[in-house]
Number of protein chains: 2
Amino acid sequence: MKDAAWDDLKTVMALVRHGSLAAAGAALRLNYTTVARRIARAEAALGTTLFERLKDGYVPTDAAMLVAAHAGEMEVREHDLMRRLAGRDGTLEGALTITAPQLLIAYVLPAALAQFRGLYPKVDLKVRATNDILDLSRREADLGIRISRTPGDTLTGLRLAEQHSASFASPGWAERIAKDPGAPIDWILYETHDDVPKAAREAYPSSRVQYRFDDMIAMAGAAQAGLGVVRMPMFLGRSLPGLMQVPLLPPQPYMDVWMVAHPDVWPGAKVRAFRDVLKADMKTRRALFVA
Amino acid sequence: MKDAAWDDLKTVMALVRHGSLAAAGAALRLNYTTVARRIARAEAALGTTLFERLKDGYVPTDAAMLVAAHAGEMEVREHDLMRRLAGRDGTLEGALTITAPQLLIAYVLPAALAQFRGLYPKVDLKVRATNDILDLSRREADLGIRISRTPGDTLTGLRLAEQHSASFASPGWAERIAKDPGAPIDWILYETHDDVPKAAREAYPSSRVQYRFDDMIAMAGAAQAGLGVVRMPMFLGRSLPGLMQVPLLPPQPYMDVWMVAHPDVWPGAKVRAFRDVLKADMKTRRALFVA
DNA sequence: GGTTATACATGCGATAACGCATGCATGAAG
DNA sequence: CTTCATGCATGCGTTATCGCATGTATAACC
């Protein structure tokens, strides 16, 4: 048993994590046959069976779990290294990955992205629109824009904007509410909310929950289609065509918009450049976010 | 900058450690051209210059030092993994590396080695004779035999024998000392010792230092050739032809013989088998080591 | 001044690693 | 019962990687 090939250890880890040759191969950007071959190599090198080949796939043995655990620790060190290299990198070229909620990318960021692109054409800007929070420690992205109350404990952050939320609906609903405030009002709620906001229920007792969604884009679409009233951030209601603010809810504070990055990565030239552009851009847009 | 190839990180580390392409290649068992190519790949992947190509070789940049440091931490994890795999391995086949001082291997271990070989023919036994202490944590060897006072803090150990040392010389010297105890006596000292052992100086005031060596095999050879008297472990003086114990020094306690291994590796089947064989063998040889 | 050793660059042929296409087994869905 | 999707094995042609041989530059030594 000599020195193990590190890339093979990584491959064992990927297979343990992802469960199938194909999934592991996709994660490693390799053909799954290559994964199978590397597993075979690793088993030969380590002198141990790492996976049992069953009809429905590769099942890791204890030894494979041990390998995967250690490879995971190696990976932590690799990510640490990558962050530090990115943080000390002074060039304004190469890849820069940012992540943000879909709706911010769609309705708020385009101007800043275009400006950044013009200023730093050599930077390969990759934008990952996702509502899942990517792991900035693992360098799934260099810089994140998040809607939350704090930047998070391990991340360095900068508050880009305070936000308010309000109630929005189609013009038809706005008219109806103005004419007859006592008529039934249909609400579309985000799934985590139990009930219509208390202020609305008190002022408009005829409020009723009609739909529960798990996705804000879908909710906004439903509101545009006239299915009901949605509480959403000011910027979103104002940005979407076919929606108007309705007076059911007084504007109230919402989670702020933060720009965050891992402290290792924060001082990198590309991250710094993007920060500066976005910070200045957002300064001009503050009115969009508050009542 | 995407995921780095771990083997390339390892290669950067090897080049930083060993200083030249050729030395790094030797350490990795690769041709040095391959090392050069991997460095180039790593630089492309990381988007950084890692080494400056000067007339007299590759000089690492700060970035390379950073990479090397992190790769070193990855390597610690790898060695940890290898030890654990070895420790849980129940097979009695494959590689087993032991290390011991040259003189023990030459004059004490052969019987045990032969017996082990007969009992476990499928084990690839590699014996590394060295006076440097190999790093058992880094798996330079699985099991070590050492002459020391303790097994060391991080290692598990078993005392194989207590030892005495005494003074030995050629038959000519033995005769001379017996005839005329007052005549000048030439000593061959190990370089770390300042002077003739105090007991000998007091009993034989005509003792004088004639040579200082840094190698016990050479000293023994010189003693066999009649150049003088050497203080050495009993087992050695008794094992070497052409040497006799001389009464200049009363036998005195010497460092013990230990068998040591990293606790992770200790329970491995091959290590355990070797331990048992050697332990039993050494039990029959205890008289060789003490006065 | 010529010889030797070290350290690297470069080009070429050999080899090992890889991707792709095909085929088989299994289980779920229509 | 058929169809489709998932998961893997195997064989083949391609690509990338590697080792080797050769050449250059520099420094050390006699």
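Convention: sequence-line order gives letters A, B, ...; per-chain numbering from 1.
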From CG of B/Leu30 across to P of C/dT15 the rounded distance in Å is 17 Å
Applying side-chain contact (heavy atoms from CB on, under 4.5 Å) to B/Val59 and not counting sequence neighbours gives B/Leu54
Tell me whether the NZ or CZ atom of A/Arg275 lies within the 45° cone about the ring axis of A/Trp266 and under 6.0 Å from its centre.
yes
When you compare the protein's N or O atoms with those of nucleotides 7-11 of chain C, which come within less than 3.5 Å of each other, and at what distance?
unit_1: C/dC8; atom_1: OP1; unit_2: B/Tyr58; atom_2: N; d: 2.8
unit_1: C/dC8; atom_1: OP2; unit_2: B/Leu21; atom_2: N; d: 2.8
unit_1: C/dC8; atom_1: N4; unit_2: B/Tyr32; atom_2: OH; d: 3.3
unit_1: C/dA9; atom_1: OP1; unit_2: B/Tyr58; atom_2: OH; d: 3.4
unit_1: C/dA9; atom_1: OP2; unit_2: B/Tyr58; atom_2: OH; d: 2.8
unit_1: C/dA9; atom_1: N6; unit_2: B/Tyr32; atom_2: OH; d: 2.3

Taking only N and O in the side chain of A/Arg41, is any of them less than 4.0 Å away from OP1 or OP2 of C/dC18?
yes
Sequence neighbours left out, what passes side-chain contact (heavy atoms from CB on, under 4.5 Å) with A/Ala129? Give chain and number order.
A/Gln102, A/Ile105
I'd like to check the salt bridge (Lys or Arg N to Asp or Glu O under 4.0 Å) partners of A/Asp264; sequence neighbours left out, ordered by chain and number.
A/Arg83
For residues 64-72 of chain A, tabulate all N or O donor-acceptor pairs below 3.5 Å that involve a side-chain atom, not counting sequence neighbours.
unit_1: A/His70; atom_1: ND1; unit_2: B/Arg77; atom_2: O; d: 3.4

Excluding sequence neighbours, so at least two apart, what forms salt bridge (Lys or Arg N to Asp or Glu O under 4.0 Å) with B/Asp195?
B/Arg201
Quick one: salt bridge (Lys or Arg N to Asp or Glu O under 4.0 Å) pairs with a partner in residues 49-65 of chain B, sequence neighbours left out?
B/Glu43-B/Arg53
Distance check needed: C/dT15 P versus B/Asn31 CG, whole Å only.
15 Å
Excluding sequence neighbours, so at least two apart, what forms salt bridge (Lys or Arg N to Asp or Glu O under 4.0 Å) with A/Arg128?
none
Give the first and the last nucleotide of DNA chain D, reading 5' to 3', that has any atom under 4.0 Å from a heavy atom of chain A.
D/dG7 to D/dT10
